[in-house]
There are 2 protein chains.
Amino acid sequence: MNINSTLKFILNLAKAQTIINRRFDAKLSSYGLGFNDFVILYHLSLAPHQKLRRIDLAEKLGLTASGITRMLAPMEKIGLVSRESNERDARVSYAVLAPGGKRLLEESIKTAEHAAADTFPELKTKKIKKLSELLNEIGGLL
Amino acid sequence: MNINSTLKFILNLAKAQTIINRRFDAKLSSYGLGFNDFVILYHLSLAPHQKLRRIDLAEKLGLTASGITRMLAPMEKIGLVSRESNERDARVSYAVLAPGGKRLLEESIKTAEHAAADTFPELKTKKIKKLSELLNEIGGLL
DNA sequence: GTAAAATACTTGAGTTGTCAAGTATTTTAC
DNA sequence: GTAAAATACTTGACAACTCAAGTATTTTAC
């Protein structure tokens, strides 16, 4: 019952990611954030006017539009993000980084970086580039 | 609001894995399997006597023991795995690959391999090795 | 040999997503 | 300019986990 090495690799990837996710969730829980909450705040902070369409947010995280709707609802309720409409296209609803979200991102970012460093202690810049390229083969597709 | 490259890499990894998981779930759903169901069957098929303690299964997938309990329950109900106790240690309950599970694994394995090949079309053995080493930095920890 | 610690597993309650379907709006193509 | 297709988003129903706490058993250490 053998499988080829690409599939084996994907099994390893899945395992690693499961552990990483749980670890980051645990570390960030002191801020009341999940890993993906953090990632949403991060992408919003980089975006022009610190806002993104829900669908672009979905693309950046690899989630579905539905998932983004679910995630943003409680974040909006506690003032991390707010909602803004687009004058030219009534279908669109932006997620905007709210002051509370910006503050929380600033507070939590060091924690996230430490968690990353703990996870990959000796990850060098060169290696990262190569790996990221590889991951783009998937990330870029969808 | 910049972050270091290790954290950025982890964000890419998370995105890729989210997409991979959804894709595999979709492909395997024609067999009534989720991605992790498939992985459980696969690990059981490789194990001595095709059985594993729940906790070892948890370790192999990167899940918690609780998660394994939840996953195995429906799989047991439909005859993919069965339960076996350990005579020497009454705490232990093995998950055993049942005939139905073995058959389903054999049927689905090509689908999973194709999904893997589609995801990383030109993944060479060398690259895999490097990336897998890196992933062991986490996978090995827990 | 017994108390304390560790291990294996399960369960209740909650979270974080998924998919399929539906609504509203915009774009395309003729 | 209008019908059909595409796009953006939301919702109901559900799946696949998590953590914290609990039970049962085994191991450790004195």
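Labels below follow one simple rule: chain letters A, B, ... track the order of the sequence lines, proteins then strands, and each chain is numbered from 1. Just so it is clear, the values below take in all heavy atoms, side chains as well, and ignore hydrogens, waters and symmetry mates.
Interatomic distance, CG of B:Leu104 versus CG of B:Leu33, reported as 4.5 Å (0.5 Å rounding).
Comparing B:Ser93 and A:Leu33, the nucleotide of DNA chain C nearest to each residue sits closer to the 5' end for B:Ser93. Position along DNA chain C of the nearest nucleotide to A:Pro74 versus B:Asp25 favours A:Pro74 as the more 5'-ward residue.
Not one N or O on the side chain of A:Ser29 forms a donor-acceptor pair closer than 3.5 Å with the backbone of A:Gly32. Here the side chain of B:Asn36 pairs no donor or acceptor atom with the backbone of B:Val39 at under 3.5 angstrom. With hydrogens and angles disregarded, no donor-acceptor distance shorter than 3.5 Å links the side chain of B:Ser82 to the backbone of B:Gly79. In terms of modelled atom types and a separation under 3.5 Å, the side chain of A:Arg103 and the main chain of A:Leu80 share no donor-acceptor contact. A distance-only check finds a donor-acceptor pair linking the side chain of A:Asp25 to the backbone of A:Phe35 [under 3.5 Å].
The side chain of A:Arg23 contributes no N or O atom lying less than 4.0 Å from OP1 or OP2 of D:dT18. Contact check, B:Thr64 against D:dT18: a side-chain N or O comes under 4.0 Å of OP1 or OP2.
Atom CZ of B:Phe24 and atom P of C:dG17 are 20 Å apart (whole Å). Note: CD (A:Gln17) to P (D:dC17) measures 13 Å, nearest angstrom. We find that CE of A:Met75 is positioned 15 Å from P of C:dT15, with the value rounded to whole Å. Distance CG (A:Leu72) to P (D:dT10): 8 Å, rounded to an integer number of Å. One interatomic measurement links the two molecules: CD1 of A:Ile68 to P of C:dG17, which rounds to 8 Å at whole-angstrom precision.
There is no path of hydrophobic side-chain contacts, each under 4.5 Å, that joins A:Leu57 to A:Val92.
Residue A:Lys102 places its NZ atom among 12 or fewer non-hydrogen atoms of other residues, nucleotides or ligands, all under 6.0 Å distant.
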Pairs: protein N or O with nucleotides 24-27 of chain D N or O, under 3.5 Å:
unit_1 : atom_1 : unit_2  : atom_2 : d
D:dT26 : OP1    : B:Ala90 : N      : 3.0

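A salt bridge does not link A:Lys8 with B:Glu113: every distance from a Lys NZ or Arg NE/NH1/NH2 to an Asp or Glu carboxylate oxygen is 4.0 Å or more.
DNA chain D is contacted by A:Arg53, A:Arg54, A:Ile55 of residues 34-56 of chain A, taking any non-hydrogen atom closer than 4.0 Å.
Below the 3.5 angstrom threshold, one finds a donor paired with an acceptor across the side chain of B:Ser66 and the base of C:dT11.
For the residue pair A:Arg23 / A:Thr119, a side-chain donor-acceptor distance below 3.5 Å is found, with atom types taken as modelled.
Partner B:Tyr94 forms a side-chain contact (heavy atoms from CB on, under 4.5 Å) with one of B:Gln50, B:His49, B:Arg53 and no other, that one being B:Arg53.
Secondary-structure annotation of DNA chain D gives the stems C:1-30 with D:1-30, with a stem taken as at least 3 successive Watson-Crick or G-U pairs whose two distances both fall under 3.5 Å.
Listed nucleotides: C:dC19, C:dA8, D:dC19. Nearest to the side chain of A:Arg22: D:dC19.
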